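So the structure is just underneath, and the comments pick up after that.
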Amino acid sequence: MSFLSKARYIEQNTPPDSPVRHHVTTIERLAEHLAGGLRLEMTQGRPVVGQDEGEALCIEGVRLVARVPDADCLLVSFIHPAAFEAARAATLWLVGRRPLTLEARLVDNAIGVPATGLWFAGWALVVPGAEEIWT
């Protein structure tokens, strides 16, 4: 049973005045946003690691980002082929060994993006549109 299915089951089997119902609604809204994948937001992009000025780049449809121990790379996995292809074209990252996975080079915790020639020192995974859920 999926996370969303469990939330709907709880909603259907709890009294209307139960405080749990609010949390179930939040879970349902969050699950809707997660259906399209996460967003990898990269900031502080600069031509050389350690320079000051910066740009930003967002990659949509991300399933997972994992740092490879003892290697200078991140594995970025995508939720569907279209997101994978769009990210590959935008970044020119190497294709990983697993399906729908790209390898991003990492130096001093900065992500390299060959397509732009920039290194992004700030990066985070976010749920697109989640800000509206918590307000």
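Note that the coordinates shown come from a computational prediction; the quantities given were computed from them, not determined experimentally. FYI, side chains are in, hydrogens and waters are out, and symmetry mates aren't considered; it's all heavy atoms of this structure.
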Next on the checklist: Would you compute the distance between atom CG of Leu125 and atom CZ of Arg39 and round it to the nearest 0.5 angstrom?
Outcome noted: 11.0 Å
Item to check | Smallest separation among heavy atoms of Trp123 and Asn109, with atom names | outcome: NE1-O, 3.1 Å
Checklist entry - Considering only heavy atoms from C-beta outward, does the side chain of Val127 approach that of Leu38 to under 4.5 Å? => result yes
Next on the checklist: To check you understand the geometry: which heavy-atom pair defines the closest contact between Val113 and Ala90, and what is its length?
Outcome noted: CG1-O, 4.1 Å
Next on the checklist: For a quick test of reading the model, state the closest non-hydrogen atom pair linking Cys58 to Glu41 and the distance between them.
Outcome noted: SG-CG, 3.7 Å
Checklist entry - For Leu64, which fellow cluster members are found when Ile, Leu, Val, Met, Phe, Trp and Tyr are connected by side-chain heavy-atom distances below 4.5 angstrom, either directly or through intermediates? => result none
Checklist entry - Just by distance, do the side chain of Trp93 and the backbone of Leu75 share a donor-acceptor pair under 3.5 Å? => result no
Checklist entry - Say you draw a straight line from CG of Leu74 to CZ of Arg105; how long is it, rounded to the nearest 0.5 Å? => result 12.5 Å
Item to check | Closest approach of Ala104 to Ile111 (non-hydrogen atoms, all atoms of both residues) | outcome: CB-CG2, 3.8 Å
Checklist entry - Which heavy atom of Arg46 sits nearest a heavy atom of Ala121, and at what distance? => result NH1-CB, 3.5 Å
Item to check | By side-chain contact (heavy atoms from CB on, under 4.5 Å) - contacts of Arg88 (at least two apart) | outcome: Phe84, Glu85, Val95, Leu102
Checklist entry - Is there a side-chain contact between Ser77 and Val62, using heavy atoms and a 4.5 Å cut-off? => result no
Next on the checklist: On a heavy-atom basis, which atom in Ala115 and which in Ala89 lie closest, and how many Å separate them?
Outcome noted: CB-O, 4.4 Å
Item to check | Side chains of Trp119 and Asp108 in contact at under 4.5 Å (non-hydrogen atoms) | outcome: no
Checklist entry - Going from CE on Met42 to CG on Leu118, what distance comes out if it is rounded to the nearest 0.5 angstrom? => result 9.5 Å
